[in-house]
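Everything below concerns the one structure shown next.
All values below come from the heavy atoms of this structure, side chains included, with hydrogens, waters and symmetry mates left out. Note that ligands are numbered from 1 as they come in the structure, with each ligand's atoms numbered from 1 the same way.
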Amino acid sequence: MTSDTDRILEKLGEIELRLQRLEDMPTNNEIITEERTEVAGEGEMDSERVSRVNDSVVTTKRITMCDYCFGKIDQLSLCKKCGKKLCENCAIDFRNEIICLQDLRETHPISRQVFKIILMIANGITGERDMNEVSGIPRDEMKGIVDFLRDSGYVTTSFLGGKRLTDLGTEAFYAHSQVLGGKDDMKDLDGRIEEYVSRA
Ligand SMILES: [Zn+2]
Ligand SMILES: [Zn+2]
């Protein structure tokens, strides 16, 4: 009997010791969890990283944004030339590849102002006075742009002064219109062109 009691007491002592040790262990209550959100760097994809900083567990989420306009991406494309992540508004279909506007400009150095002139010529508005009336671009500036377009092979001018886009000009027009076409100033110009053409 005595030995049984002894054994029980001994066991209780062990249990007490264990409990003591458990109580002495640091508790997990002090760990602070923190969540940080960062924008993934250029060419980087979504990622999630868990790290420990002092007493905190930090979860860093990197979200994919468009490297061009920094907007949200619904449909991701990568620029074939520079690897930038592009949203659907910034992806340009060019010669069967997806590229960004910056890389398109390497091939076709067309500014917004130059694009406006191309847009008018594509719609058959080719007289300098007409183009000035529709777009408001000063005539001397327009003359410079038209000279540039002709010298670069985007536009041909007939003997009588009529202008039309060459194949190169048409290619530049379609490529640039994928990005520039949706901008407010271009939509505005589109409206004025439509109005002008319907009046003529
Ligand atoms: Zn974008
Ligand atoms: Zn690019």
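For the salt bridge (Lys or Arg N to Asp or Glu O under 4.0 Å) test, no residue two or more places apart in sequence or in another chain qualifies with Arg49.
Lys61 and Glu35 are joined by a salt bridge, as a carboxylate oxygen and a charged side-chain nitrogen come within less than 4.0 angstrom of each other. For Asp46 and Arg62, the salt-bridge test fails: no basic side-chain N is under 4.0 Å from an acidic carboxylate O. Salt-bridge check for Arg7 with Asp4: passed, with a basic side-chain N closer than 4.0 Å to an acidic carboxylate O. Under 4.0 Å is where a charged nitrogen must lie from a carboxylate oxygen, and between Lys116 and Asp185 at least one such pair does. The pair Arg95-Glu171 meets the salt-bridge criterion, since a charged nitrogen lies less than 4.0 angstrom from a carboxylate oxygen.
Rounded to the nearest 10 degrees, the angle SG (Cys79) to the Zn ion (ligand 2) to OD2 (Asp103) equals 100°.
Around the Zn ion (ligand 1), the protein atoms of type N, O or S found under 2.8 Å away are Cys66 SG, Cys69 SG, Cys87 SG, Cys90 SG, listed by chain and number.
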